[in-house]
Amino acid sequence: MRPASSDVPAVLFDVDGTLVDSNYVHVHAWVRAFEVEDQPVSAWRVHRCIGMDGDTLIRTLARGADEAMQHRLKDHHGQFYREMASLLTVLPGARDLLHRVSDLGMHVVLVTSAPEDELMLLRRVLDCDDVISMVTSSRDVDMAKPDPGIVHVALDRAGVDASCAVFVGDSTWDALAARRAGVVTIGLRSGGVGTCELDCAGAKVIYDDPRDLLANLDTSPIAALSATVRPDPLTC
């Protein structure tokens, strides 16, 4: 992992659906989990909740489920997700994008509330630890996106305020969390969420996937952020 420094700006990246093509693996794992508990849920309804933390997703889709069932549902999801880990793939351009951001002198920060075991799988698929400065996980917050807490944690670890960061995410929950934290958001359609919804949630600009963002990096908010890189540690 790249050493951290607090005198440079940061690009905050969601992981699921933004850098790794994992959203539909999550959907299938949750569908199977609900089936095991005799709580069938349509896949499209699950997809609408991807990006939320597991507790919020369960409360949304299985209202009335007691605490014991909620724990079982999360356990089932984790089991099925691990069984399908071979289906996880890095999204086009993701590795090159992270390396380019690092080359521009900015922190690369992974901002996720994924459990540690899932995060380990995602990082293995991504294979970019050499340019990653910081990582968050489910251990860092009690509430995940759209609550802005995980974004605040990432900013604190990078040692920057919201004006010295850009967030890249694929879901409405990403955009809402970043907006509430005061961070400019770049939306990606690679998670299956449409342009209109990302725009309404607060994304400033929207691209298809990491490769599309990389191809247009020079006109993106990341380019504007890179222009703030200074040798003076008092500025971002």
Side-chain angles (χ1 to χ4, degrees), residues 1-23 85 88-140 145 150-170 174 177-178 181 183-188 190-191 205 207-231 233 235-236:
M1 187 175 292
R2 178 182 172 179
S5 174
S6 60
D7 60 354
V8 297
V11 182
L12 316 179
F13 290 92
D14 172 62
V15 184
D16 282 305
T18 299
L19 299 173
V20 177
D21 196 358
S22 56
N23 282 6
L88 299 172
T89 58
V90 64
L91 280 160
R95 293 189 183 116
D96 290 339
L97 176 61
L98 297 190
H99 279 86
R100 179 59 179 151
V101 169
S102 178
D103 289 344
L104 288 170
M106 295 181 287
H107 286 314
V108 173
V109 184
L110 302 187
V111 185
T112 176
S113 56
E116 290 294 327
D117 58 341
E118 292 181 15
L119 180 57
M120 180 180 67
L121 292 172
L122 293 169
R123 290 178 68 173
R124 186 179 302 159
V125 170
L126 190 56
D127 190 25
C128 280
D129 277 359
D130 56 324
V131 295
I132 295 169
S133 297
M134 304 99 183
V135 181
T136 69
S137 72
S138 61
R139 296 186 302 183
D140 296 313
K145 307 160 194 168
I150 198 73
V151 182
H152 288 307
V153 170
L155 293 172
D156 288 344
R157 289 192 177 163
V160 300
D161 62 28
S163 65
C164 292
V166 169
F167 189 99
V168 183
D170 69 288
D174 291 327
V183 180
V184 171
T185 306
I186 295 173
L188 301 183
S190 48
V205 291
Y207 303 96
D208 282 342
D209 55 18
R211 181 168 56 193
D212 189 24
L213 171 55
L214 180 60
N216 293 279
L217 200 66
D218 290 345
T219 57
S220 75
I222 292 177
L225 186 66
S226 71
T228 69
V229 175
R230 298 285 189 274
T235 66
C236 67

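All residue numbers in this chain count up from 1 along the given sequence. From a predicted model like this one, the values you see are computed outputs, not experimental measurements.
- Considering CG of D129 and CZ of R123, their distance stands at 4.0 Å, rounded to 0.5 Å.
- The main-chain N or O of S137 is found under 3.5 Å from a side-chain atom of D140 such that the two form a donor-acceptor pair.
- Judged by distance alone, the side chain of S226 and the main-chain N or O of A223 form a donor-acceptor pair under 3.5 Å.
- Here the side chain of S133 pairs no donor or acceptor atom with the backbone of V109 at under 3.5 angstrom.
- In this structure, CD1 in I150 is found 8.5 Å from OG in S138, a value given to the nearest 0.5 Å.
- Looking at heavy atoms from C-beta onward, D14 lies in side-chain contact with F167 at the 4.5 angstrom threshold.
- Expressed to the nearest 0.5 Å, how far CG of D21 lies from CG of D209 amounts to 9.5 Å.
- Residues L217 and L97 are in side-chain contact: their nearest non-hydrogen atoms beyond the backbone lie under 4.5 Å apart.
- Residue N216 forms a side chain to side chain contact (heavy atoms under 4.5 Å, CB included) with just one option from D218, L213, D212, and that option is D212.
- Scanning both residues, T136 and L119, for their nearest heavy atoms gives O-CD2, 3.7 Å.
- Across all non-hydrogen atoms, the minimal contact from T112 to A114 is OG1-N, 3.0 Å.
- Nearest heavy-atom pair, P210 versus G93, reported as atom, atom and distance to 0.1 Å: CB-C, 3.8 Å.
- Separating the CG atom in L88 from the CG atom in N23 is a distance of 10.5 Å, to the nearest 0.5 Å.
- Pairing each heavy atom of V151 with each of A181, the nearest pair is CG1-CB, 3.6 Å.
- The line from CD1 of I222 to CG of L214 is 9.0 Å long, rounded to the nearest 0.5 Å.
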- Task: Tell me, with the steps shown, if V160 and L155 meet side chain to side chain contact (heavy atoms under 4.5 Å, CB included).
- Result: CA-CA 5 Å; V160 300; L155 293 172; 3.9 Å; yes
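- Of the possible donor and acceptor atoms, none in the side chain of R95 sits under 3.5 Å from a partner among the backbone N and O of C128.
- Looking at heavy atoms from C-beta onward, L225 lies out of side-chain contact with V184 at the 4.5 angstrom threshold.
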- Item | From CA spacing to verdict: side chain to side chain contact (heavy atoms under 4.5 Å, CB included), L104, V11 | CA-CA 11 Å; L104 288 170; V11 182; over 6 Å; no
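- Considering all non-hydrogen atoms of both residues, M134 and A158 come closest at CE-CA, 3.5 Å.
- Of all heavy-atom pairs spanning D170 and T18, the tightest one is OD1-OG1, 2.9 Å.
- The CG atom of D103 sits 7.5 Å away from the NE2 atom of H99 when rounded to the nearest 0.5 Å.
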- Residue pair L110, L122: steps toward the side chain to side chain contact (heavy atoms under 4.5 Å, CB included) verdict: CA-CA 11 Å; L110 302 187; L122 293 169; over 6 Å; no
